[in-house]
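Single-structure report; data block below.
Values below: every heavy atom of this structure, side chains too, minus hydrogens, waters and symmetry copies.
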Amino acid sequence: QVQLVESGGGLVQPGDSLRLSCAASGGTFSDYGMGWFRQTPGKEREFVAGITWNGAITNYSDSVKGRFTISRGNDRSTINLQMNKLKPEDTATYFCAVHLSAVAGSDPSRYRYWGQGTQVTVSP
């Protein structure tokens, strides 16, 4: 069974930075894209960032482009999300996920494995 464990969330003020990490285990991930999503109560799960199997292509939602950076470890079983210039609207539970294929897709229905989430709260 595959497990994905997110870490790095916390409580910060607007303009601060956080770095989220996701460690995947229980399988091989070198051939698959991975991504970050976020969700708040009453809203659909929202795409944040994705990265291809080899890290060559990244994909960001318009709301985080220029502020967040996704990266992938050399073993391709870990991903990170560097979040800068955080805003209150970034407050959410952040999930990492493994894609069904090699791409950095934005559709959550195309991701097969999910972590438990880590909470990010940006409070003025």
Side-chain angles (χ1 to χ4, degrees):
Q1 182 179 344
V2 170
Q3 282 192 325
L4 288 79
V5 179
E6 303 96 335
S7 61
L11 173 63
V12 297
Q13 294 182 339
D16 286 351
S17 297
L18 282 173
R19 184 175 175 87
L20 306 184
S21 296
C22 173
S25 62
T28 58
F29 309 98
S30 60
D31 293 338
Y32 298 95
M34 296 182 69
W36 289 96
F37 292 78
R38 65 189 183 188
Q39 190 167 24
T40 57
K43 296 184 66 177
E44 296 291 326
R45 188 161 295 188
E46 176 188 13
F47 173 74
V48 177
I51 188 165
T52 56
W53 71 280
N54 60 357
I57 301 172
T58 56
N59 186 18
Y60 298 93
S61 69
D62 289 340
S63 63
V64 308
K65 192 175 300 181
R67 299 188 297 121
F68 292 8
T69 303
I70 189 171
S71 60
R72 194 158 189 168
N74 288 334
D75 63 0
R76 303 209 289 272
S77 65
T78 60
I79 58 169
N80 302 296
L81 186 69
Q82 179 65 45
M83 305 185 295
N84 298 327
K85 304 292 185 181
L86 283 161
K87 304 175 180 179
E89 52 262 44
D90 295 318
T91 295
T93 302
Y94 283 71
F95 300 87
C96 69
V98 180
H99 202 272
L100 287 166
S101 68
V103 304
S106 61
D107 184 355
S109 71
R110 298 289 295 168
Y111 285 78
R112 67 190 299 178
Y113 300 119
W114 295 84
Q116 83 290 340
T118 186
Q119 179 66 36
V120 172
T121 302
V122 186
S123 180

### Query
Any side-chain heavy-atom pair from Pro14 and Pro88 closer than 4.5 angstrom?
yes

### Message
Using the rule that Ile, Leu, Val, Met, Phe, Trp and Tyr join whenever any side-chain heavy atoms are under 4.5 Å apart, tell me whether Ile79 and Trp53 fall into a single cluster.
### Response
no

### Cluster link Val98 to Phe95, ILVMFWY, side chain under 4.5 Å
no

#### Entry: Check: Glu46 and Ser63 side chains under 4.5 Å, non-hydrogen atoms
yes

### Task
Mark yes or no for whether Gln82, through its side chain, and Thr69, through its backbone, hold a donor-acceptor pair below 3.5 Å.
no

### Message
For the CE atom of Met83 and the CG atom of Asp16, what is their distance to the nearest 0.5 Å?
### Response
11.0 Å

### Message
Are Arg72 and Phe29 packed together at the side-chain level, in the sense that at least one heavy-atom pair is separated by less than 4.5 angstrom?
### Response
yes

### Task
Examine distances only and state if a side-chain atom of Arg110 and a backbone atom of His99 form a donor-acceptor pair shorter than 3.5 Å.
no

### Query
In Å, rounded to the nearest 0.5 Å, how long is the span from CG of Leu86 to OG1 of Thr121?
10.5 Å

### Task
Mind listing the closest non-hydrogen atom pair of Gly50 and Ile70 along with its distance?
O-CG2, 3.7 Å

### Message
Restricting to non-hydrogen atoms, name the atom on Ala24 and the atom on Leu4 that form the minimum distance, rounded to 0.1 Å.
### Response
CB-CG, 4.1 Å

#### Entry: Check: Ile57 main-chain N/O paired with Thr52 side-chain donor or acceptor under 3.5 Å
yes

### Message
Rounded at 0.5 Å granularity, tell me how far CZ in Arg112 sits from CG in Leu100.
### Response
6.0 Å

#### Entry: Carboxylate-amine/guanidinium contact Lys65 Asp62, below 4.0 Å
yes

### Message
Under a 3.5 Å distance rule, please check whether Glu6 uses its side chain to pair with a backbone N or O of Cys22 as donor and acceptor.
### Response
no

### Nearest non-hydrogen partners of Ser61 and Phe47, listed with the distance
CB-O, 3.4 Å

### Message
Membership question, hydrophobic clusters at under 4.5 Å side-chain separation (ILVMFWY): are Val2 and Trp36 in the same one?
### Response
yes

### Closest non-hydrogen atom pair, Tyr60 against Thr58
CE1-OG1, 3.5 Å

### Message
If you count heavy atoms of other groups shown closer than 6.0 angstrom to CG of Asn74, is the number above 12?
### Response
no

### Query
Is atom CD of Glu89 surrounded by more than 12 heavy atoms (other residues, nucleotides or ligands) closer than 6.0 Å?
yes

### Task
Over all heavy atoms of both residues, which pair between Val122 and Asp90 is shortest? Give the atoms and the distance, please.
CG2-CB, 4.4 Å

### Query
Centres of the Tyr111 and Phe37 rings: under 6.0 Å?
yes

### Task
Could you check whether the rings of Phe68 and Tyr94 sit parallel, tilted or perpendicular, using 30° and 60° as the cut-offs?
tilted

### Query
When clusters are formed by joining ILVMFWY residues with side-chain heavy atoms under 4.5 Å apart, either directly or through shared neighbours, do Val64 and Met34 land in the same one?
yes

### Query
CD of Gln3: more than 12 outside heavy atoms within 6.0 angstrom?
no

### Query
How close do Leu81 and Ala49 get, heavy atom to heavy atom, and via which atoms?
CD1-CB, 4.1 Å

#### Entry: Candidates Arg38, Gln119, Arg45, Gln39 - the one meeting side-chain hydrogen bond (donor to acceptor under 3.5 Å, both in side chains) with Thr93
Gln119

